[in-house]
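Take a look at the structure set out below.
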Amino acid sequence: GEQVEQLPSSLIVQEGASVLINCSYTDSASVYFPWYKQEPGKRLQFIIDIRSNMERKQTQRLTLLFDKKTKHLSLHITATQPGDSAIYFCSATDSGTYQRFGTGTKLQVVP
Amino acid sequence: DMKVTQMPRYLIKRMGENVLLECGQDMSHETMYWYRQDPGLGLQLIYISYDVDSNSEGDIPKGYRVSRKKREHFSLILDSAKTNQTSVYFCASSLGGTSAETLYFGSGTRLTVL
């Protein structure tokens, strides 16, 4: 079945810096890639997604890049704020089964 | 306000006891899920329910069973809990028809099995 990996597992950045979170998947049948954010002690919340017929999607300070050939995604967060501190999860699905999640990237934004 | 509600938030049980985790959603979503979250492992799917009495195993169903008798309610049952079932359990729902859509998560239940 689908396997999703994320790197790095954790990172600490200064407020205002940009960060890049990488995600790779194994199943070439996967077509939908949502990302979720989990603030400490809170529920996972959807933040951005991309489908396999797109290469790039942007919303506010988030940019998601998708490379179908290499089965790789990158989430770019600009101008980070303390409120961005959270665990970020990448997910993948072929639309016929269910979403499988990566192990998460813990981001800490320090003042 | 669209919501997935989980009860209880925290639960401590002894090994061998039965455990019932409950989840409700007010969005009339067809599909509901139970995931568990463990450090370093991310979220792993236990069971998926496509509608009332239409349930399928996920990646780690052993030791768990589920019940869905109403569309808005999905229960996870641990018969004779084990210490390795200590985890945070998340319920989620989606509109249905395909897995290529946003999941809405509950706040989780932190279960400790002693």
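The sequence lines fix the lettering, A, B, ..., with proteins before strands; numbering per chain opens at 1.
Linking Ile, Leu, Val, Met, Phe, Trp and Tyr residues whenever their side-chain heavy atoms come within less than 4.5 Å places L78(B) and F74(B) in a single cluster. L11(A) and F89(A) are assigned to two separate hydrophobic clusters, defined by single-linkage of ILVMFWY side chains at heavy-atom distances under 4.5 Å. Linking ILVMFWY side-chain heavy atoms closer than 4.5 Å, directly or via other members, places I46(B) and Y98(A) in two distinct hydrophobic clusters. With hydrophobic clusters built from ILVMFWY side chains whose heavy atoms lie under 4.5 angstrom apart, L111(B) does not share a cluster with F90(B). Both W35(A) and L62(A) belong to a common hydrophobic cluster when Ile, Leu, Val, Met, Phe, Trp and Tyr are linked at side-chain heavy-atom distances under 4.5 angstrom.
With chain A as the partner, the residue from S56(B), G58(B), G108(B) showing the most heavy-atom pairs under 4.5 Å is G58(B).
Contact detail for T97(A) and Y50(B): the closest heavy-atom pair is O-OH, 4.5 Å. Taking both residues in full, the closest heavy atoms of E101(B) and Y32(A) are given as N-CE2, 3.3 Å, listed atom of the first, atom of the second, then distance.
Counting heavy atoms of neighbouring residues, nucleotides and ligands inside a 6.0 Å radius, atom CD of E17(B) exceeds 12 of them. By the neighbour-count criterion of 12 heavy atoms within 6.0 Å, atom CD of E55(A) is sparsely surrounded, having that number or fewer from other residues, nucleotides or ligands. Enclosure of atom NZ in K68(A) is not indicated, since only 12 or fewer non-hydrogen atoms of other residues, nucleotides or ligands lie within 6.0 angstrom.
No side-chain donor-acceptor contact under 3.5 Å links R43(A) to the backbone of A92(B).
Using a 4.5 Å cut-off on side-chain heavy atoms (C-beta onward), L43(B) and L44(A) make contact. Considering only heavy atoms from C-beta on, L45(B) stays 4.5 Å or farther from R100(A) through its side chain. With a 4.5 Å cut-off on side-chain heavy atoms, F101(A) and L103(B) count as touching.
Here the two rings, on F46(A) and Y104(B), have centers that are 6.0 Å apart or farther. Here F105(B) and Y36(A) bring their ring centres to under 6.0 angstrom of each other.
If you measure heavy-atom distances from Q6(A) to chain B, you find no contacts under 4.5 Å at all. Of the atoms belonging to D59(B), heavy atoms from both backbone and side chain fall under 4.5 Å from chain A.
The structure places OG1 of T102(B) at 5.5 Å from CG of D49(A), a figure rounded to the nearest 0.5 Å.
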